Protein chains: 2
Amino acid sequence: MNTAPDKKNNSVTESSLNSLFQYFNGLLPLKEKEREELRTRVKERKIRRKHYLLQHDDLCKHYTFIITGCFRMFSVDQKGTEHNLQFAAENDWITDMGSFYSGKPSQLYIEAIEPSHILQIEKGDLLFLYSHFSRVNRNFRVIIEIKFVELQNRLLQNISSTVEERYIYFLEHYPHLSHRLPSTQIASYLGVTPEFLSKVRKGMASKA
Amino acid sequence: MNTAPDKKNNSVTESSLNSLFQYFNGLLPLKEKEREELRTRVKERKIRRKHYLLQHDDLCKHYTFIITGCFRMFSVDQKGTEHNLQFAAENDWITDMGSFYSGKPSQLYIEAIEPSHILQIEKGDLLFLYSHFSRVNRNFRVIIEIKFVELQNRLLQNISSTVEERYIYFLEHYPHLSHRLPSTQIASYLGVTPEFLSKVRKGMASKA
DNA sequence: AGCGATTCTTAAACTAGATTAAGGGTAGTT
DNA sequence: AACTACCCTTAATCTAGTTTAAGAATCGCT
(Lines give C-alpha, C1' and ligand atoms only; values in the text may rest on other atoms or scores of the structure.)
Protein backbone atom coordinates (compact mmCIF):
# COMPACT_ATOMS: atom_id res chain seq x y z
CA MET A 1 0.00 0.00 0.00
CA ASN A 2 2.28 2.63 1.39
CA THR A 3 5.34 3.10 -0.75
CA ALA A 4 7.16 5.55 1.49
CA PRO A 5 10.72 4.33 2.18
CA ASP A 6 11.62 3.06 5.64
CA LYS A 7 14.90 3.54 7.37
CA LYS A 8 15.45 -0.19 7.89
CA ASN A 9 15.76 -3.01 5.39
CA ASN A 10 12.74 -4.91 6.65
CA SER A 11 9.22 -3.90 5.84
CA VAL A 12 8.03 -2.61 9.21
CA THR A 13 6.58 0.88 8.94
CA GLU A 14 7.41 3.61 11.42
CA SER A 15 3.80 4.20 12.26
CA SER A 16 3.22 0.57 13.18
CA LEU A 17 6.30 0.53 15.35
CA ASN A 18 5.13 3.70 17.01
CA SER A 19 1.88 2.01 17.98
CA LEU A 20 3.90 -0.67 19.69
CA PHE A 21 6.27 1.76 21.40
CA GLN A 22 3.32 3.83 22.54
CA TYR A 23 1.84 0.70 24.01
CA PHE A 24 5.00 0.03 26.01
CA ASN A 25 5.00 3.65 27.18
CA GLY A 26 1.89 2.73 29.12
CA LEU A 27 3.84 0.01 30.94
CA LEU A 28 7.60 0.33 31.31
CA PRO A 29 8.87 2.51 28.42
CA LEU A 30 11.63 1.03 26.29
CA LYS A 31 15.09 2.56 25.84
CA GLU A 32 16.32 3.49 22.38
CA LYS A 33 18.56 0.43 22.24
CA GLU A 34 15.65 -1.86 23.04
CA ARG A 35 13.50 -0.18 20.43
CA GLU A 36 16.17 -0.76 17.83
CA GLU A 37 16.35 -4.42 18.74
CA LEU A 38 12.59 -4.78 18.55
CA ARG A 39 12.50 -2.94 15.25
CA THR A 40 14.72 -5.50 13.55
CA ARG A 41 12.88 -8.47 15.04
CA VAL A 42 9.26 -7.59 14.41
CA LYS A 43 7.37 -8.53 11.25
CA GLU A 44 4.39 -6.68 9.90
CA ARG A 45 1.38 -8.40 8.31
CA LYS A 46 -2.13 -7.71 7.07
CA ILE A 47 -4.74 -10.38 7.62
CA ARG A 48 -8.04 -10.61 5.79
CA ARG A 49 -11.35 -11.11 7.49
CA LYS A 50 -12.05 -14.82 8.25
CA HIS A 51 -8.44 -15.75 7.71
CA TYR A 52 -6.57 -17.66 10.37
CA LEU A 53 -3.50 -16.72 12.33
CA LEU A 54 -3.44 -20.15 13.94
CA GLN A 55 -5.25 -23.41 13.37
CA HIS A 56 -5.57 -26.67 15.28
CA ASP A 57 -2.31 -28.66 15.19
CA ASP A 58 -0.24 -25.63 14.14
CA LEU A 59 2.62 -24.60 16.35
CA CYS A 60 2.04 -21.14 17.76
CA LYS A 61 5.33 -19.47 16.88
CA HIS A 62 4.47 -15.82 17.45
CA TYR A 63 3.29 -13.24 19.87
CA THR A 64 0.95 -11.03 17.86
CA PHE A 65 0.35 -7.35 18.57
CA ILE A 66 -2.74 -5.85 16.96
CA ILE A 67 -2.41 -2.41 15.39
CA THR A 68 -5.90 -2.38 13.88
CA GLY A 69 -8.58 -5.03 13.54
CA CYS A 70 -9.98 -7.71 15.76
CA PHE A 71 -9.40 -11.40 16.43
CA ARG A 72 -10.98 -14.21 18.34
CA MET A 73 -9.29 -17.27 19.80
CA PHE A 74 -11.50 -20.32 20.06
CA SER A 75 -11.58 -24.02 20.64
CA VAL A 76 -13.76 -26.61 18.91
CA ASP A 77 -15.23 -29.43 20.97
CA GLN A 78 -16.09 -33.03 19.98
CA LYS A 79 -19.50 -32.00 18.69
CA GLY A 80 -17.95 -29.32 16.48
CA THR A 81 -19.17 -26.42 18.61
CA GLU A 82 -16.86 -23.43 18.82
CA HIS A 83 -16.07 -21.78 22.15
CA ASN A 84 -14.54 -18.31 22.21
CA LEU A 85 -11.78 -18.03 24.77
CA GLN A 86 -10.72 -14.51 23.99
CA PHE A 87 -11.20 -11.50 21.78
CA ALA A 88 -8.41 -9.04 21.06
CA ALA A 89 -8.45 -5.72 19.25
CA GLU A 90 -6.25 -2.63 18.85
CA ASN A 91 -3.29 -2.39 21.23
CA ASP A 92 -3.69 -5.86 22.55
CA TRP A 93 -1.78 -9.11 22.22
CA ILE A 94 -2.98 -12.49 21.10
CA THR A 95 -1.19 -15.81 21.20
CA ASP A 96 -1.76 -19.37 22.33
CA MET A 97 0.62 -19.17 25.25
CA GLY A 98 0.36 -22.90 25.91
CA SER A 99 1.62 -23.85 22.47
CA PHE A 100 4.03 -20.92 22.25
CA TYR A 101 6.02 -21.87 25.34
CA SER A 102 5.64 -25.65 25.28
CA GLY A 103 6.37 -25.95 21.56
CA LYS A 104 3.49 -28.40 21.29
CA PRO A 105 0.74 -28.25 18.62
CA SER A 106 -2.05 -25.89 19.46
CA GLN A 107 -5.58 -27.06 20.23
CA LEU A 108 -6.89 -23.63 19.35
CA TYR A 109 -7.75 -21.36 16.45
CA ILE A 110 -7.11 -17.64 16.05
CA GLU A 111 -9.29 -16.01 13.41
CA ALA A 112 -9.50 -12.43 12.15
CA ILE A 113 -13.02 -11.10 12.72
CA GLU A 114 -12.13 -7.94 10.80
CA PRO A 115 -9.43 -7.12 8.26
CA SER A 116 -6.45 -6.63 10.54
CA HIS A 117 -3.03 -5.14 10.69
CA ILE A 118 -0.55 -6.76 13.04
CA LEU A 119 3.04 -6.99 14.23
CA GLN A 120 4.50 -10.37 15.09
CA ILE A 121 7.52 -11.45 17.04
CA GLU A 122 8.91 -14.96 16.89
CA LYS A 123 9.64 -17.09 19.90
CA GLY A 124 13.42 -17.17 19.30
CA ASP A 125 13.55 -13.40 19.01
CA LEU A 126 11.43 -12.90 22.10
CA LEU A 127 13.59 -15.26 24.15
CA PHE A 128 16.66 -13.40 22.92
CA LEU A 129 15.12 -10.11 24.06
CA TYR A 130 14.07 -11.63 27.40
CA SER A 131 17.61 -12.65 28.22
CA HIS A 132 19.36 -9.49 27.03
CA PHE A 133 16.90 -6.78 28.02
CA SER A 134 15.33 -7.05 31.44
CA ARG A 135 12.92 -4.27 30.59
CA VAL A 136 11.42 -6.40 27.82
CA ASN A 137 11.21 -9.31 30.20
CA ARG A 138 9.47 -7.16 32.78
CA ASN A 139 7.05 -5.73 30.24
CA PHE A 140 5.95 -9.16 29.15
CA ARG A 141 5.66 -10.29 32.76
CA VAL A 142 3.35 -7.37 33.39
CA ILE A 143 1.31 -8.11 30.25
CA ILE A 144 0.69 -11.63 31.47
CA GLU A 145 -0.07 -10.49 35.00
CA ILE A 146 -2.76 -8.18 33.67
CA LYS A 147 -4.20 -10.91 31.48
CA PHE A 148 -4.08 -13.37 34.36
CA VAL A 149 -6.11 -11.09 36.60
CA GLU A 150 -8.67 -10.49 33.83
CA LEU A 151 -8.96 -14.20 33.23
CA GLN A 152 -9.38 -14.90 36.93
CA ASN A 153 -12.18 -12.36 37.17
CA ARG A 154 -13.87 -13.90 34.20
CA LEU A 155 -13.61 -17.38 35.69
CA LEU A 156 -15.01 -16.11 38.96
CA GLN A 157 -17.96 -14.70 37.10
CA ASN A 158 -18.50 -17.96 35.31
CA ILE A 159 -18.75 -19.92 38.54
CA SER A 160 -20.75 -17.32 40.45
CA SER A 161 -22.89 -15.10 38.19
CA THR A 162 -25.90 -15.42 35.94
CA VAL A 163 -25.66 -14.97 32.19
CA GLU A 164 -27.34 -11.58 32.44
CA GLU A 165 -24.75 -10.37 34.95
CA ARG A 166 -21.90 -11.65 32.78
CA TYR A 167 -23.37 -10.03 29.70
CA ILE A 168 -23.75 -6.67 31.42
CA TYR A 169 -20.17 -6.92 32.68
CA PHE A 170 -18.98 -7.64 29.16
CA LEU A 171 -20.86 -4.65 27.72
CA GLU A 172 -19.45 -2.35 30.39
CA HIS A 173 -15.86 -3.55 30.24
CA TYR A 174 -15.49 -4.12 26.52
CA PRO A 175 -17.59 -1.39 24.91
CA HIS A 176 -15.12 -1.15 22.01
CA LEU A 177 -15.75 -4.84 21.30
CA SER A 178 -19.43 -5.19 22.11
CA HIS A 179 -20.62 -2.96 19.30
CA ARG A 180 -18.54 -4.58 16.60
CA LEU A 181 -19.08 -8.25 17.38
CA PRO A 182 -22.15 -10.24 16.31
CA SER A 183 -23.99 -11.32 19.41
CA THR A 184 -23.58 -14.93 18.46
CA GLN A 185 -19.84 -14.48 19.06
CA ILE A 186 -20.48 -12.83 22.39
CA ALA A 187 -22.75 -15.72 23.38
CA SER A 188 -19.94 -18.17 22.64
CA TYR A 189 -17.59 -16.07 24.78
CA LEU A 190 -20.07 -16.03 27.66
CA GLY A 191 -20.55 -19.78 27.36
CA VAL A 192 -24.21 -19.82 26.33
CA THR A 193 -26.24 -20.43 23.19
CA PRO A 194 -27.14 -17.50 20.91
CA GLU A 195 -30.83 -18.30 21.52
CA PHE A 196 -30.47 -17.88 25.23
CA LEU A 197 -28.50 -14.66 24.93
CA SER A 198 -31.28 -13.33 22.74
CA LYS A 199 -33.77 -14.16 25.50
CA VAL A 200 -31.59 -12.40 28.06
CA ARG A 201 -31.34 -9.32 25.88
CA LYS A 202 -35.09 -9.27 25.46
CA GLY A 203 -35.50 -9.48 29.23
CA MET A 204 -33.08 -6.59 29.75
CA ALA A 205 -34.83 -4.43 27.14
CA SER A 206 -38.25 -4.93 28.72
CA LYS A 207 -36.89 -4.03 32.16
CA ALA A 208 -35.33 -0.76 31.05
CA MET B 1 10.16 -25.13 66.96
CA ASN B 2 13.53 -26.07 65.57
CA THR B 3 16.29 -24.55 67.64
CA ALA B 4 19.19 -25.44 65.36
CA PRO B 5 21.25 -22.34 64.58
CA ASP B 6 21.00 -20.82 61.12
CA LYS B 7 23.74 -19.04 59.26
CA LYS B 8 21.69 -15.90 58.86
CA ASN B 9 20.13 -13.63 61.43
CA ASN B 10 16.57 -14.18 60.30
CA SER B 11 14.57 -17.23 61.18
CA VAL B 12 14.38 -19.02 57.84
CA THR B 13 15.47 -22.63 58.13
CA GLU B 14 17.80 -24.21 55.60
CA SER B 15 15.37 -27.00 54.84
CA SER B 16 12.60 -24.56 53.94
CA LEU B 17 14.90 -22.59 51.71
CA ASN B 18 15.99 -25.80 50.05
CA SER B 19 12.39 -26.55 49.14
CA LEU B 20 12.22 -23.21 47.42
CA PHE B 21 15.58 -23.59 45.66
CA GLN B 22 14.59 -27.08 44.53
CA TYR B 23 11.43 -25.61 43.11
CA PHE B 24 13.41 -23.09 41.07
CA ASN B 25 15.69 -25.89 39.88
CA GLY B 26 12.65 -27.18 37.99
CA LEU B 27 12.41 -23.84 36.17
CA LEU B 28 15.52 -21.72 35.72
CA PRO B 29 17.92 -22.57 38.57
CA LEU B 30 19.16 -19.67 40.67
CA LYS B 31 22.81 -18.67 41.04
CA GLU B 32 24.42 -18.57 44.47
CA LYS B 33 24.22 -14.78 44.59
CA GLU B 34 20.49 -14.87 43.86
CA ARG B 35 19.94 -17.52 46.51
CA GLU B 36 21.68 -15.35 49.04
CA GLU B 37 19.49 -12.42 48.17
CA LEU B 38 16.36 -14.52 48.41
CA ARG B 39 17.50 -15.99 51.72
CA THR B 40 17.64 -12.59 53.37
CA ARG B 41 14.30 -11.47 51.95
CA VAL B 42 12.08 -14.43 52.63
CA LYS B 43 10.07 -14.89 55.83
CA GLU B 44 8.96 -18.21 57.23
CA ARG B 45 5.57 -18.77 58.88
CA LYS B 46 3.33 -21.51 60.18
CA ILE B 47 -0.40 -21.10 59.71
CA ARG B 48 -3.06 -23.01 61.59
CA ARG B 49 -5.97 -24.71 59.93
CA LYS B 50 -8.85 -22.29 59.18
CA HIS B 51 -6.66 -19.26 59.66
CA TYR B 52 -6.47 -16.62 56.98
CA LEU B 53 -3.53 -15.41 54.99
CA LEU B 54 -5.70 -12.73 53.39
CA GLN B 55 -9.17 -11.36 54.01
CA HIS B 56 -11.50 -9.08 52.11
CA ASP B 57 -10.23 -5.46 52.17
CA ASP B 58 -6.71 -6.47 53.17
CA LEU B 59 -3.87 -5.48 50.89
CA CYS B 60 -2.15 -8.53 49.49
CA LYS B 61 1.46 -7.74 50.29
CA HIS B 62 3.11 -11.11 49.72
CA TYR B 63 3.78 -13.87 47.30
CA THR B 64 3.41 -17.04 49.35
CA PHE B 65 5.28 -20.28 48.64
CA ILE B 66 3.86 -23.39 50.29
CA ILE B 67 6.31 -25.84 51.84
CA THR B 68 3.67 -28.04 53.42
CA GLY B 69 -0.08 -27.70 53.82
CA CYS B 70 -2.89 -26.53 51.63
CA PHE B 71 -4.80 -23.30 50.96
CA ARG B 72 -7.83 -22.15 49.08
CA MET B 73 -8.48 -18.72 47.61
CA PHE B 74 -12.13 -17.78 47.40
CA SER B 75 -14.55 -14.96 46.84
CA VAL B 76 -17.85 -14.33 48.62
CA ASP B 77 -20.82 -13.11 46.59
CA GLN B 78 -23.73 -10.86 47.61
CA LYS B 79 -25.68 -13.81 48.99
CA GLY B 80 -22.75 -14.87 51.15
CA THR B 81 -21.90 -17.91 49.04
CA GLU B 82 -18.21 -18.76 48.77
CA HIS B 83 -16.61 -19.55 45.40
CA ASN B 84 -13.24 -21.26 45.29
CA LEU B 85 -10.98 -19.75 42.68
CA GLN B 86 -7.89 -21.78 43.41
CA PHE B 87 -6.32 -24.41 45.63
CA ALA B 88 -2.60 -24.52 46.30
CA ALA B 89 -0.50 -27.11 48.11
CA GLU B 90 3.18 -28.09 48.45
CA ASN B 91 5.57 -26.43 45.99
CA ASP B 92 3.03 -24.02 44.72
CA TRP B 93 2.44 -20.29 45.02
CA ILE B 94 -0.61 -18.43 46.17
CA THR B 95 -1.32 -14.72 46.06
CA ASP B 96 -4.04 -12.34 44.96
CA MET B 97 -2.13 -11.01 42.00
CA GLY B 98 -4.69 -8.30 41.37
CA SER B 99 -4.27 -6.74 44.80
CA PHE B 100 -0.54 -7.47 44.95
CA TYR B 101 0.34 -5.51 41.84
CA SER B 102 -2.36 -2.84 41.92
CA GLY B 103 -1.92 -2.11 45.63
CA LYS B 104 -5.70 -2.02 45.96
CA PRO B 105 -7.68 -3.85 48.68
CA SER B 106 -8.35 -7.46 47.88
CA GLN B 107 -11.83 -8.79 47.15
CA LEU B 108 -10.68 -12.28 48.05
CA TYR B 109 -9.84 -14.56 50.96
CA ILE B 110 -6.97 -17.02 51.32
CA GLU B 111 -7.58 -19.65 54.00
CA ALA B 112 -5.46 -22.55 55.25
CA ILE B 113 -7.34 -25.81 54.72
CA GLU B 114 -4.62 -27.68 56.62
CA PRO B 115 -1.99 -26.59 59.11
CA SER B 116 0.59 -25.10 56.79
CA HIS B 117 4.20 -24.09 56.56
CA ILE B 118 5.04 -21.28 54.18
CA LEU B 119 7.64 -18.83 52.92
CA GLN B 120 6.62 -15.30 52.05
CA ILE B 121 8.25 -12.57 50.05
CA GLU B 122 7.09 -8.98 50.20
CA LYS B 123 6.26 -6.87 47.20
CA GLY B 124 9.14 -4.43 47.73
CA ASP B 125 11.63 -7.26 47.99
CA LEU B 126 10.25 -9.01 44.95
CA LEU B 127 10.38 -5.83 42.87
CA PHE B 128 13.96 -5.32 44.03
CA LEU B 129 14.85 -8.84 42.90
CA TYR B 130 13.02 -8.36 39.60
CA SER B 131 15.07 -5.34 38.71
CA HIS B 132 18.45 -6.65 39.85
CA PHE B 133 18.26 -10.31 38.89
CA SER B 134 16.81 -11.10 35.51
CA ARG B 135 16.73 -14.78 36.39
CA VAL B 136 14.25 -14.07 39.18
CA ASN B 137 12.19 -11.98 36.82
CA ARG B 138 12.18 -14.78 34.26
CA ASN B 139 11.27 -17.38 36.85
CA PHE B 140 8.26 -15.42 37.95
CA ARG B 141 7.26 -14.74 34.38
CA VAL B 142 7.32 -18.49 33.75
CA ILE B 143 5.32 -19.18 36.93
CA ILE B 144 2.60 -16.86 35.73
CA GLU B 145 2.68 -18.24 32.21
CA ILE B 146 2.06 -21.72 33.57
CA LYS B 147 -0.74 -20.52 35.81
CA PHE B 148 -2.26 -18.55 32.95
CA VAL B 149 -2.42 -21.61 30.72
CA GLU B 150 -3.97 -23.69 33.54
CA LEU B 151 -6.53 -21.00 34.15
CA GLN B 152 -7.37 -20.74 30.48
CA ASN B 153 -7.93 -24.48 30.25
CA ARG B 154 -10.17 -24.33 33.27
CA LEU B 155 -12.19 -21.49 31.79
CA LEU B 156 -12.53 -23.38 28.53
CA GLN B 157 -13.88 -26.35 30.45
CA ASN B 158 -16.33 -24.15 32.27
CA ILE B 159 -17.82 -22.82 29.06
CA SER B 160 -17.77 -26.11 27.18
CA SER B 161 -17.97 -29.16 29.46
CA THR B 162 -20.45 -30.81 31.79
CA VAL B 163 -19.90 -30.98 35.53
CA GLU B 164 -19.05 -34.67 35.30
CA GLU B 165 -16.33 -33.99 32.72
CA ARG B 166 -14.90 -31.17 34.83
CA TYR B 167 -14.95 -33.31 37.95
CA ILE B 168 -13.13 -36.17 36.21
CA TYR B 169 -10.56 -33.71 34.87
CA PHE B 170 -10.02 -32.38 38.37
CA LEU B 171 -9.53 -35.86 39.82
CA GLU B 172 -7.04 -36.76 37.12
CA HIS B 173 -5.04 -33.56 37.18
CA TYR B 174 -5.03 -32.85 40.90
CA PRO B 175 -4.87 -36.28 42.54
CA HIS B 176 -2.77 -34.87 45.39
CA LEU B 177 -5.58 -32.42 46.14
CA SER B 178 -8.65 -34.49 45.40
CA HIS B 179 -8.12 -36.96 48.22
CA ARG B 180 -7.52 -34.36 50.89
CA LEU B 181 -10.25 -31.87 50.13
CA PRO B 182 -13.86 -32.23 51.26
CA SER B 183 -16.02 -32.61 48.19
CA THR B 184 -17.99 -29.54 49.18
CA GLN B 185 -14.82 -27.53 48.52
CA ILE B 186 -14.34 -29.24 45.18
CA ALA B 187 -17.96 -28.47 44.27
CA SER B 188 -17.32 -24.80 44.96
CA TYR B 189 -14.21 -24.93 42.75
CA LEU B 190 -16.17 -26.57 39.93
CA GLY B 191 -18.92 -23.99 40.28
CA VAL B 192 -21.75 -26.27 41.39
CA THR B 193 -23.62 -27.07 44.60
CA PRO B 194 -22.39 -29.89 46.87
CA GLU B 195 -25.76 -31.61 46.37
CA PHE B 196 -25.32 -31.74 42.64
CA LEU B 197 -21.74 -32.97 42.86
CA SER B 198 -22.97 -35.74 45.12
CA LYS B 199 -25.49 -36.72 42.44
CA VAL B 200 -22.76 -36.71 39.78
CA ARG B 201 -20.56 -38.91 41.93
CA LYS B 202 -23.39 -41.33 42.45
CA GLY B 203 -23.95 -41.46 38.71
CA MET B 204 -20.25 -42.14 38.10
CA ALA B 205 -20.16 -44.90 40.73
CA SER B 206 -23.14 -46.70 39.23
CA LYS B 207 -21.60 -46.57 35.75
CA ALA B 208 -18.27 -48.06 36.81
C1' DA C 1 -16.34 -41.92 75.30
C1' DG C 2 -19.16 -38.48 73.90
C1' DC C 3 -20.41 -33.97 71.93
C1' DG C 4 -20.64 -30.47 68.43
C1' DA C 5 -19.39 -29.20 64.06
C1' DT C 6 -18.84 -30.29 59.63
C1' DT C 7 -19.67 -33.23 55.73
C1' DC C 8 -22.28 -36.31 52.66
C1' DT C 9 -26.40 -38.01 50.70
C1' DT C 10 -31.25 -38.34 49.09
C1' DA C 11 -35.30 -36.73 47.20
C1' DA C 12 -38.98 -33.54 45.60
C1' DA C 13 -40.01 -29.25 43.48
C1' DC C 14 -38.17 -25.67 40.83
C1' DT C 15 -35.47 -22.67 37.36
C1' DA C 16 -31.76 -21.43 34.30
C1' DG C 17 -30.24 -22.54 30.21
C1' DA C 18 -30.11 -26.07 26.01
C1' DT C 19 -32.28 -27.92 22.00
C1' DT C 20 -35.00 -28.03 18.07
C1' DA C 21 -37.37 -25.87 14.63
C1' DA C 22 -39.01 -22.20 12.07
C1' DG C 23 -39.30 -17.52 10.11
C1' DG C 24 -37.66 -12.91 9.18
C1' DG C 25 -33.97 -9.41 8.53
C1' DT C 26 -29.83 -7.79 6.56
C1' DA C 27 -25.53 -7.50 3.81
C1' DG C 28 -22.74 -8.89 0.17
C1' DT C 29 -22.40 -10.97 -4.55
C1' DT C 30 -23.34 -11.81 -9.18
C1' DA D 1 -33.27 -8.34 -8.90
C1' DA D 2 -32.37 -12.43 -6.95
C1' DC D 3 -29.32 -15.57 -4.39
C1' DT D 4 -26.62 -16.94 -0.72
C1' DA D 5 -24.84 -16.56 3.62
C1' DC D 6 -25.20 -15.05 7.88
C1' DC D 7 -27.50 -13.21 11.83
C1' DC D 8 -31.29 -12.48 15.14
C1' DT D 9 -35.46 -13.77 17.33
C1' DT D 10 -39.40 -16.54 19.09
C1' DA D 11 -41.53 -20.27 21.09
C1' DA D 12 -42.20 -25.08 22.65
C1' DT D 13 -40.05 -28.77 24.81
C1' DC D 14 -36.43 -30.78 27.41
C1' DT D 15 -32.49 -31.29 30.74
C1' DA D 16 -28.76 -29.95 33.74
C1' DG D 17 -28.20 -27.99 37.80
C1' DT D 18 -30.44 -25.36 42.10
C1' DT D 19 -33.10 -25.07 46.21
C1' DT D 20 -34.96 -26.64 50.28
C1' DA D 21 -35.24 -29.82 53.74
C1' DA D 22 -34.04 -33.60 56.38
C1' DG D 23 -31.40 -37.47 58.04
C1' DA D 24 -27.07 -40.24 58.40
C1' DA D 25 -22.01 -40.41 58.66
C1' DT D 26 -17.70 -38.77 59.94
C1' DC D 27 -14.27 -35.90 62.11
C1' DG D 28 -11.94 -33.36 65.66
C1' DC D 29 -11.80 -32.11 70.29
C1' DT D 30 -11.94 -32.30 75.43
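Here the structure is a predicted model, which is why all the values come from computation and not from measurement. What you see below is based on every heavy atom in this structure, not just the backbone, and it leaves out hydrogens, waters and symmetry mates.
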- C:dT6, D:dC7, D:dG17: which one has an atom nearest the side-chain heavy atoms of B:V192? D:dG17
- Looking at A:F148 versus B:F148, is the centre-to-centre ring distance below 6.0 Å? no
- All heavy atoms of A:K104 vs all of A:L59, minimum pair found to be C-CD2, 3.5 Å
- Task: Give a yes/no answer on whether the side chain of B:R201 brings an N or O atom under 4.0 Å of OP1 or OP2 in C:dT9.
- Result: yes
- Query: Under 4.5 Å between any side-chain heavy atoms of B:R41 and B:E122, yes or no?
  - Reply: no
- For B:E111 and C:dT6, give me the distance from atom CD to atom C1', rounded to whole Å. 13 Å
- Using rotation axes that map the C1' atoms of four end pairs onto the next four (five pairs an end), what angle separates the end axes of the helix from C:dA1-D:dT30 to C:dA22-D:dT9, to 10°? 50°
- Distance, rounded to the nearest Å, where A:Y167 contributes OH and C:dA16 contributes P: 19 Å
- Rounded to whole Å, the CD-C1' distance (B:E114 to D:dC27) equals 14 Å
- Could you state the CD1-P distance from B:I159 to D:dG17, rounded to the nearest angstrom? 15 Å
- Note on the structure: Which of D:dC8, C:dA11, C:dG17 is nearest the side chain of A:S183? It is D:dC8
- Task: Please indicate whether A:K123 has more than 12 foreign heavy atoms, meaning atoms of other residues, nucleotides or ligands, lying under 6.0 Å from its NZ.
- Result: yes
- Message: Taking any heavy-atom pair under 4.0 Å as a contact, classify B:V200: base, sugar-phosphate, or nothing.
- Response: nothing
- Does the ring of A:Y130 carry B:R138 above it, NZ/CZ under 6.0 angstrom from centre and within 45° of its axis? no
- Query: Got a sec: does the CZ of A:R180 have more than 12 other heavy atoms crowding it under 6.0 Å?
  - Reply: yes
- Query: Roughly, in whole Å, what's the span from NZ in A:K50 to P in D:dC7?
  - Reply: 6 Å
- Query: In whole angstrom, what separates B:L197's CG from D:dA16's C1'?
  - Reply: 14 Å
- Ignoring the backbone of A:K202, work out which of D:dT18, C:dG17, D:dA11 is nearest its side chain. D:dA11
- Query: Just by modelled atom types, is the A:K79 backbone N or O under 3.5 Å from a matching donor or acceptor in the A:D77 side chain?
  - Reply: yes
- Query: A:S198 has a side chain; which of D:dC7, D:dT18, D:dT10 sits nearest to it?
  - Reply: D:dT10
- Task: Would you mind reading off the distance between B:F196 atom CZ and C:dA11 atom P, rounded to a whole angstrom?
- Result: 15 Å
- Query: Pick from A:F170, A:Y167, A:F74: which one makes a ring pair (Phe, Tyr, Trp, His ring centres under 6.0 Å) with A:Y189?
  - Reply: A:F170
- Message: In this structure, how many angstroms lie between the P atom of D:dC6 and the CD atom of A:E82, rounded?
- Response: 11 Å
- Message: By nearest atom, which of the nucleotides C:dA18, C:dT19, D:dA16 is closest to the A:E195 side chain?
- Response: C:dT19
- Message: Heavy atoms from C-beta onward define the side chain here; which of C:dC8, D:dG17, C:dT19 lies closest to that of A:T193?
- Response: C:dT19
- Phosphate OP1/OP2 of C:dA16 contacted by A:K199 side-chain N/O (<4.0 Å): no
- Of all the choices, C:dT19, C:dA18, D:dC7, which nucleotide is nearest to the side chain of A:K79 once you look at every atom? C:dT19
